[in-house]
Enquirer: 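A single structure is presented below for examination.
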Amino acid sequence: MPELPEVETIRRDLLGRIVGKKIKKIEIKDQKLIRSRASVFVKSLVDKKFVEIERIGKLLIFSISNNLYLLIHLKMTGQLIYLNKKEIIAGGHSLSESPNWPNKYTRIILEFSDGARLLFNDLRRFGYWQLVNLEELEKIKKNYGPEPANLLFSHWQEILKNKKTNIKAFLLNQKHISGLGNIYVDESLFLAGIRPTRLVSSLNLVEQKKLYLSMKKVIDKAIKYRGTTFRNYMDSEGKKGNFSSFLKVYGRSGEKCRVCQTRIVKIKLAGRGTHYCPLCQS
DNA sequence: CCTTGTGTTCTCCG
DNA sequence: CCGGAGAACACAAG
């Protein structure tokens, strides 16, 4: 499940690899995943270059040399795989556990003029590629709250104000704060010592501050370790994220809390599997 | 039937 | 009756 740290890892890796390269060819194997007419899509990209790669929350934004923007969302199982000419001939990367590409889940292939390729794999076909102009991009950006890294505590307090839902549902909502998904919401709440079921309105000042700091800490560390691989996630070289071994609650139901040895509980909340320690979190 | 990110639709409340 | 918030559902496939 790519969340902010995973998408940021991909963004940083791709910056040095594809920016400035001319797009030579596009192969669309599954029309469903592109949110434009295929002919328009191909015409707008071929012979153009990527100028910059940005990100808002979990959404990647590739600026193109013709003032259009390619939005790529990985949703649950999307992967962006970069292969240079040599790796294409070898059928993948030089890692033993690395699968061969393209595979049956490869939905779109971008080919650059130097022979390198960018593959978009998506098992569940939830992800998408979409072309927008600046005006449309600005509109889309308005749906996202600030990211943990850019957040001031005074702003955080404003955001929390008058919210009537539980803290889990609140943190998952990208309009309030962007980039957190199920894994990092559960991990941030554990670090803050707050139960996911708590109402936003019930958090006192100390808890607000703890959560504020915990989100930043969890996200920063996860970026440092190149994200979490729980199921499908891999970076643009086909490698797994290294944050998985630091998970305190996510995916650990029935296992002992690393702090107090109490067994981690799993409930369903906001329609999502939700993990917490009944002793550390109150 | 479980998994999840997000867009849409439904429902409730003041 | 309107607007906003939040809940519920839809999507997909293994």
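All heavy atoms count here, side chains included; hydrogens, waters and symmetry mates do not. The chains referred to below are lettered A, B, ... by the order of the sequence lines, with proteins before strands, and numbering in each begins at 1. Nothing here was measured: the structure is a model prediction, and the numbers come from that model.
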Enquirer: Answer with base, sugar-phosphate or nothing: what part of the nucleic acid does A:Tyr250 contact at a heavy-atom distance below 4.0 Å?
Expert: sugar-phosphate
Enquirer: Using whole Å, report how far CD1 of A:Ile177 lies from C1' of B:dG5.
Expert: 17 Å
Enquirer: Would you mind reading off the distance between A:Tyr128 atom OH and B:dG5 atom P, rounded to a whole angstrom?
Expert: 14 Å
Enquirer: Linking I/L/V/M/F/W/Y whenever their side-chain heavy atoms sit closer than 4.5 Å, directly or via other members, would A:Val185 and A:Leu151 fall into one cluster?
Expert: yes
Enquirer: To check you understand the geometry: which heavy-atom pair defines the closest contact between A:Thr77 and A:Arg124, and what is its length?
Expert: OG1-N, 3.0 Å
Enquirer: Output yes when at least one side-chain N/O atom of A:Lys58 is less than 4.0 Å from OP1 or OP2 of B:dT6, else no.
Expert: yes
Enquirer: With nearest nucleotide decided by heavy atoms, which residue, A:His176 or A:Phe126, maps closer to the 5′ end of DNA chain C?
Expert: A:His176
Enquirer: Quick one: A:Asn103 CG to C:dG14 P, roughly how many Å, whole number?
Expert: 12 Å
Enquirer: Is the shortest side-chain N/O distance from A:His73 to OP1 or OP2 of B:dT6 below 4.0 Å?
Expert: yes
Enquirer: Using a heavy-atom cut-off of under 4.0 Å over every strand shown, decide if A:Gly273 touches base, sugar-phosphate, or nothing.
Expert: sugar-phosphate
Enquirer: Please work out if A:Lys175 contacts a base, only the sugar-phosphate, or nothing of the nucleic acid, heavy-atom cut-off 4.0 Å.
Expert: nothing
Enquirer: Quick one: A:Lys163 NZ to C:dA5 P, roughly how many Å, whole number?
Expert: 7 Å
Enquirer: Looking at A:Lys217, I'd like to know if its NZ atom is crowded, meaning that more than 12 non-hydrogen atoms belonging to other residues, nucleotides or ligands lie closer than 6.0 Å.
Expert: no
Enquirer: Nearest whole Å is fine: how far is B:dG5 P from A:Asn232 CG?
Expert: 12 Å
Enquirer: Can you find a side chain N or O atom of A:Lys266 that sits less than 4.0 Å from OP1 or OP2 on B:dT3?
Expert: yes
Enquirer: Please confirm whether A:Tyr225 and A:Phe246 have ring centers closer than 6.0 angstrom.
Expert: yes
Enquirer: Below 3.5 Å is the cut-off: list the nitrogen or oxygen pairs between protein and nucleotides 10-14 of chain B, distance only.
Expert:
none

Enquirer: Taking OP1 and OP2 of C:dA7, is either one under 4.0 Å from a side-chain nitrogen or oxygen of A:Lys164?
Expert: no
Enquirer: Ignoring hydrogens and angles, does a donor from either the side chain of A:Arg35 or the base of B:dT6 sit under 3.5 Å from an acceptor on the other?
Expert: no
Enquirer: Check the distance between B:dG7's C1' and A:Lys32's NZ and give it to me in whole angstrom.
Expert: 12 Å
Enquirer: Compare all side-chain heavy atoms of A:Lys224 with those of A:Phe243 and state whether any distance is below 4.5 angstrom.
Expert: no
Enquirer: Less than 4.0 angstrom from a charged side-chain N to a carboxylate O is my criterion; do A:Lys161 and A:Glu158 meet it?
Expert: yes
Enquirer: Does the pair A:Lys85/A:Asp114 count as a salt bridge with the N-to-O cut at 4.0 Å?
Expert: no
Enquirer: Check for me whether the distance between the ring centres of A:Phe62 and A:Tyr69 falls short of 6.0 Å.
Expert: no
Enquirer: C:dA13 phosphate, OP1 or OP2: any side-chain N/O from A:Thr77 under 4.0 angstrom?
Expert: no
Enquirer: Does A:Arg125 have a side-chain nitrogen or oxygen under 4.0 Å from the phosphate oxygens OP1 or OP2 of C:dA13?
Expert: yes
Enquirer: Nearest-Å distance, CZ (A:Arg272) to C1' (B:dC2)?
Expert: 12 Å
Enquirer: On the side chain of A:Arg231, is there an atom forming a donor-acceptor pair with the base of C:dG14 - under 3.5 Å, no angle test?
Expert: no
Enquirer: Under 4.0 Å between a side-chain N or O of A:Gln174 and OP1 or OP2 of B:dT6?
Expert: yes
Enquirer: Nearest whole Å is fine: how far is C:dC9 P from A:Lys268 NZ?
Expert: 11 Å
